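Working notes, beginning with the structure itself.
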Amino acid sequence: MESSRSQSVADIAIHERGLIAPAAGSRAKVLDRLRLGDTAFRQLTRAAAIGVLVLLSAVIFSLFRGSIPALKTFGFGFLASERWNPVTENFGALPAIYGTVITSFVAMLFAVPIGLMIAFFLTELCPQWLRRPIGIAIELLAGIPSIIYGIWGLFVFAPFLQETLQPFLIGTLGNAPLIGPLFGGPPYGIGLLTAGLILAIMVLPFITSISRDVFEAVPAVLKEAAYGIGCTKWEVVRNVVLPYARVGVIGGIMLALGRALGETMAVTFVIGNAHRISASLLAPGTTISATIANEFTEAVGDLYTSALIALGLILFVITFIVLAIARYLLLRIERRIG
Amino acid sequence: MSEIILQSRYRRRRRRNAAATVLALAATAVGLGWLVLILGALLWQGFSGLSLVVFTEMTPPPGSAGGLLNPIIGSLMLTALAVLIGTPIGILAGTYMAEYGRHDVLTTVVRFINDILLSAPSIVVGLFIYEVMVAPMGHFSGLAGGVALAVLVIPVVVRTTEDMLTLVPNALREAATSIGLPRSLTITRICYRAARAGMLTGVLLAVARISGETAPLLFTSLNNQFWSTNLNAPISSLPVVIFQFALSPYKDWQALAWTGALIITMAVLALSITARALVATGKQS
């Protein structure tokens, strides 16, 4: 029995490799080769898996090495300084960090409620046959390359805002107490608000598709119990579905935030690339990624280049933390569901 | 008396539900509306410029007519290079995670890190490749651009390969093992075949992801005004040309940027729809 089985192994192998003459000696050789090939393949896949880890470490290491000159010159003051002067080689990251945070905040302010409401629509209100097409259409928004959002934002969206929304905001909220300065100044069209709104459209599909998935994973019994005591659809979503799916929804939001923070091209087109911190959301500003995209190829001198790489390091560390939290939360809900 | 209170409370709940329903409808309309607005603008602005000339002539100097041949070829070459480099690494890593180390610590860590790389800012990848390839070599090159895109391909392929191999029924592996097939042949001859459609989907999604990527190319492959297929020199690519032309003050260039944007978007949408169809047929069979 044993011998007939090993014979069949060798025969298959010989057949597979296209070898002829299955003499006893060559059969043993083939088996040896198979064993070797097996080990080699296993080690190769293992090396590739470890390669992914090496890749991440290499990214962090090389960014760190590249930013050493800037960090040595400016120290921690780099994070707090508002100056950005290539001529005198005086650099600070604060305006870029400020712009990154503000545009992402504006994006989340719009994308979270809209994304959650679409998920509510798709899971509770929408007729069954329409769910897939609408879901796919929303996800297509995520497939459109960011440079397309950029060119559309610059030529279509920004002029539109300049003529409609921004004068309206300046006219009404611009004179309001407390929040007035946020909407001061002339309507440029481009600026922090425009960039934030474009980011909101871009991250919307991430929030929608993850929220929809976790909404659908809520046990039907819970929802049926709520419907059974006479809850309306909104009450079911608000008081049963949302609390149950909370962790997953937050995970999805963090994932979208990670995307918004690092998004480059769309923002570069509409941010205005101005290294200053303005009170007004309508004023041009800059973000970390837009600064790098705009200035890196034109950066003359080691210190300038190094300052830009240091910006990249800051961006990577921030997004890494946000994305790690997102993954941790999503992992937790995945374990609970499955 | 309490009857009236109950009545009004009931009405309030109904009103609140109606308001939420309207808001949800409005949100969905907004989401779909954006898609229509963006695609509409692309078609409106880009379609008029779409002609054979676009595919047969080089990028023009400012103020004259021309096409997008060199960036189109450049983009195809960079994408092919990235897929050639990234796919094998991604498939091998995904294979380890699904076949050899499904439950070990390495797999858990790699999955976590890979998911982060999946959404990591692509401009950082550009900086990374600049540091490790462009700066040491002393010049920008198509090769560096291809490697930068490959870094973006790897996480997508790893993810789909692992997912798809995990879906392959264990009975297939057991059957292969029972006739004495070595592990490596079980994987390459049985599991890969069973998961073929899904793995191909992963590659298509990766291509869709990188074909519009601009940020990692800005300081790796840079740009080239002239016809060049030399991977050791700066090479033109569609996204970078769109970036340059759209921000220029010349009307001809801006029109070409719109046409290029239309081409990229159509290509990306076609790829992602094909990928979805592939998954759908895979699920049915």
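For clarity, every value in this text was computed on a predicted model and none was experimentally measured. Within every chain, numbering begins at 1; the chains are lettered A, B, ... in the order of the sequence lines, protein sequences first and strands thereafter. Values below: all heavy atoms of this structure, side chains included; hydrogens, waters and symmetry mates excluded.
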Quick check: do A:Ile118 and B:Val30 have side-chain heavy atoms less than 4.5 Å from each other? no
Examine whether an atom of B:Gln254 lies under 4.5 Å from a heavy atom of chain A, and if so say whether it belongs to the side chain, the backbone or both; otherwise answer neither. side chain
Here the gap from B:Asp104 atom CG to A:Arg46 atom CZ, rounded to the nearest 0.5 Å, amounts to 7.5 Å
Pick from B:Leu205, B:Leu32, B:Thr95, B:Thr265 with the largest number of heavy-atom pairs that fall under 4.5 Å of chain A: B:Leu32
Honestly, the part of A:Thr264 sitting under 4.5 Å from a heavy atom of chain B is side chain
Between A:Leu125, A:Leu44, A:Ile292, A:Ile134, which residue shows the highest count of heavy-atom pairs closer than 4.5 Å to chain B? A:Ile292
Looking at chain B, which one of A:Thr305, A:Ile50, A:Ile201 has the largest number of heavy-atom pairs inside 4.5 Å, strictly under? A:Ile201
Looking at OH of B:Tyr100 and CZ of A:Arg42, how far apart are the two atoms once the value is rounded to the nearest 0.5 Å? 7.0 Å
Is the ring centre of B:Trp34 less than 6.0 Å from the ring centre of A:Tyr149? no
Just how far is it from atom OG1 of A:Thr45 to atom CD1 of B:Ile187, taken to the nearest 0.5 Å? 7.0 Å
At what distance, to the nearest 0.5 angstrom, does CD1 of B:Ile123 lie from CZ of A:Phe316? 13.5 Å
Give, as side chain, backbone, both or neither, the part of B:Leu269 having an atom under 4.5 angstrom from any heavy atom of chain A. side chain
For chain A, find which of B:Gly94, B:Ser119, B:Gly126, B:Ala261 contributes the most heavy-atom pairs closer than 4.5 angstrom. B:Ser119
All heavy atoms of A:Tyr328 vs all of B:Phe112, minimum pair found to be N-CE1, 3.9 Å
Is A:Ile309 in contact with chain B via its backbone, its side chain, both, or neither, using a 4.5 Å heavy-atom distance? both
Please report the closest heavy-atom contact between A:Met117 and B:Ala27, naming both atoms and the distance. CB-CB, 3.6 Å
Closest non-hydrogen atoms of A:Thr297 and B:Leu218, given as atom of the first, atom of the second and distance, are CG2-O, 3.5 Å
When only pairs under 4.5 Å are counted, which of B:Leu117, B:Ile38, B:Ile89 shares the most heavy-atom pairs with chain A? B:Ile38
Using non-hydrogen atoms and a 4.5 Å limit, figure out which bit of A:Leu308 sits close to chain B: side chain, backbone, both or neither. backbone
For A:Arg132, is the CZ atom crowded, meaning more than 12 foreign heavy atoms sit under 6.0 Å from it? no
So what's closer than 4.5 Å to chain A heavy atoms on B:Thr21: side chain, backbone, both or neither? both
Step by step, would you call A:Ile151 with B:Trp258 a side chain to side chain contact (heavy atoms under 4.5 Å, CB included)? CA-CA 8 Å; A:Ile151 189 171; B:Trp258 275 109; 4.2 Å; yes
Mind checking what makes ring-ring contact (aromatic ring centres under 6.0 Å, His included) contact with A:Phe121, not counting sequence neighbours? none
Whatever's closer than 4.5 Å to a heavy atom in chain B on A:Leu154 counts as side chain
Can you tell me which portion of B:Arg276 sits under 4.5 Å from chain A's heavy atoms? Options are side chain, backbone, both or neither. side chain
Does a sphere of radius 6.0 Å around CZ in A:Arg238 hold more than 12 heavy atoms from other residues, nucleotides or ligands, not counting ones at 6.0 Å or beyond? no
When you look at B:Leu247 and A:Phe269, which way does the side chain to side chain contact (heavy atoms under 4.5 Å, CB included) test go after all the steps? CA-CA 8 Å; B:Leu247 288 176; A:Phe269 273 94; 3.8 Å; yes
Give the member of A:Leu311, A:Ile148, A:Thr319 that has the highest number of heavy-atom pairs under 4.5 Å with chain B. A:Ile148
Can you tell me which of A:Thr208, A:Ile114, A:Ile144, A:Ile147 forms the most heavy-atom pairs within a distance under 4.5 Å of chain B? A:Ile147
Begin with the C-alpha distance, continue with both residues' side-chain angles, and end with the deciding distance and a verdict on side chain to side chain contact (heavy atoms under 4.5 Å, CB included) for A:Glu235 and B:Asn17. CA-CA 7 Å; A:Glu235 283 165 348; B:Asn17 187 51; over 6 Å; no
If I measure from the heavy atoms of chain B, does A:Leu63 come under 4.5 Å with its side chain, its backbone, both, or neither? side chain
Honestly, the part of A:Phe157 sitting under 4.5 Å from a heavy atom of chain B is side chain
Pick one of side chain, backbone, both or neither for B:Ile129, based on which atoms fall under 4.5 Å of a heavy atom in chain A. neither
Look at B:Gly212, B:Ala93, B:Ala19 and state which one has the largest set of heavy-atom pairs under 4.5 Å with chain A. B:Ala93
Residue A:Leu204 versus chain B: region with a heavy atom under 4.5 Å: side chain
Contacting region of B:Ile116 [heavy-atom separation from chain A under 4.5 Å]: both
Roughly how far, to the nearest 0.5 Å, is CG of B:Asp115 from CG of A:Leu323? 9.5 Å
When the 4.5 angstrom heavy-atom criterion is applied to A:Val156 and chain B, the contacting part is side chain
Check whether A:Thr232 gets within reach of chain B through its side chain, its backbone, both or neither, counting any heavy atom under 4.5 Å. both
Residue among A:Ser62, A:Gly262, A:Gly312 with most heavy-atom pairs under 4.5 Å to chain B: A:Ser62
Where is the tightest heavy-atom contact between A:Ala293 and B:Phe219, given as atom of each residue plus distance? CA-CE2, 4.4 Å
Are more than 12 heavy atoms from other residues, nucleotides or ligands located less than 6.0 Å from atom CZ of A:Phe160? no
Could you look at B:Leu35 and say if it's the side chain, the backbone, both or neither that has a heavy atom under 4.5 Å from chain A? both
Whatever's closer than 4.5 Å to a heavy atom in chain B on A:Leu141 counts as both
So which part of B:Ala208 gets closer than 4.5 Å to some heavy atom of chain A, the side chain, the backbone, both or neither? neither
Structural part of A:Ala58 lying under 4.5 Å from a heavy atom of chain B: both
Region of B:Leu222 that comes under 4.5 Å of a non-hydrogen atom in chain A: side chain
List the atom of B:Leu118, the atom of A:Arg259, and the distance in Å for their closest heavy-atom pair. O-NH2, 3.4 Å
About how many Å separate CG of B:Leu127 and OG of A:Ser67, when rounded to the nearest 0.5 Å? 10.0 Å
Relative to chain A, which segment of B:Ser272 carries a heavy atom at a distance below 4.5 Å: side chain, backbone, both, or neither? side chain
Part of A:Thr268 within contact of chain B (heavy atom distance under 4.5 Å): side chain
What heavy-atom pair brings A:Gly143 and B:Val268 nearest, and what distance separates the two atoms? O-CG1, 3.2 Å
Name all residues meeting the ring-ring contact (aromatic ring centres under 6.0 Å, His included) criterion together with B:Phe128; count only those two or more places apart in sequence or in a different chain, and write none if there are none. none
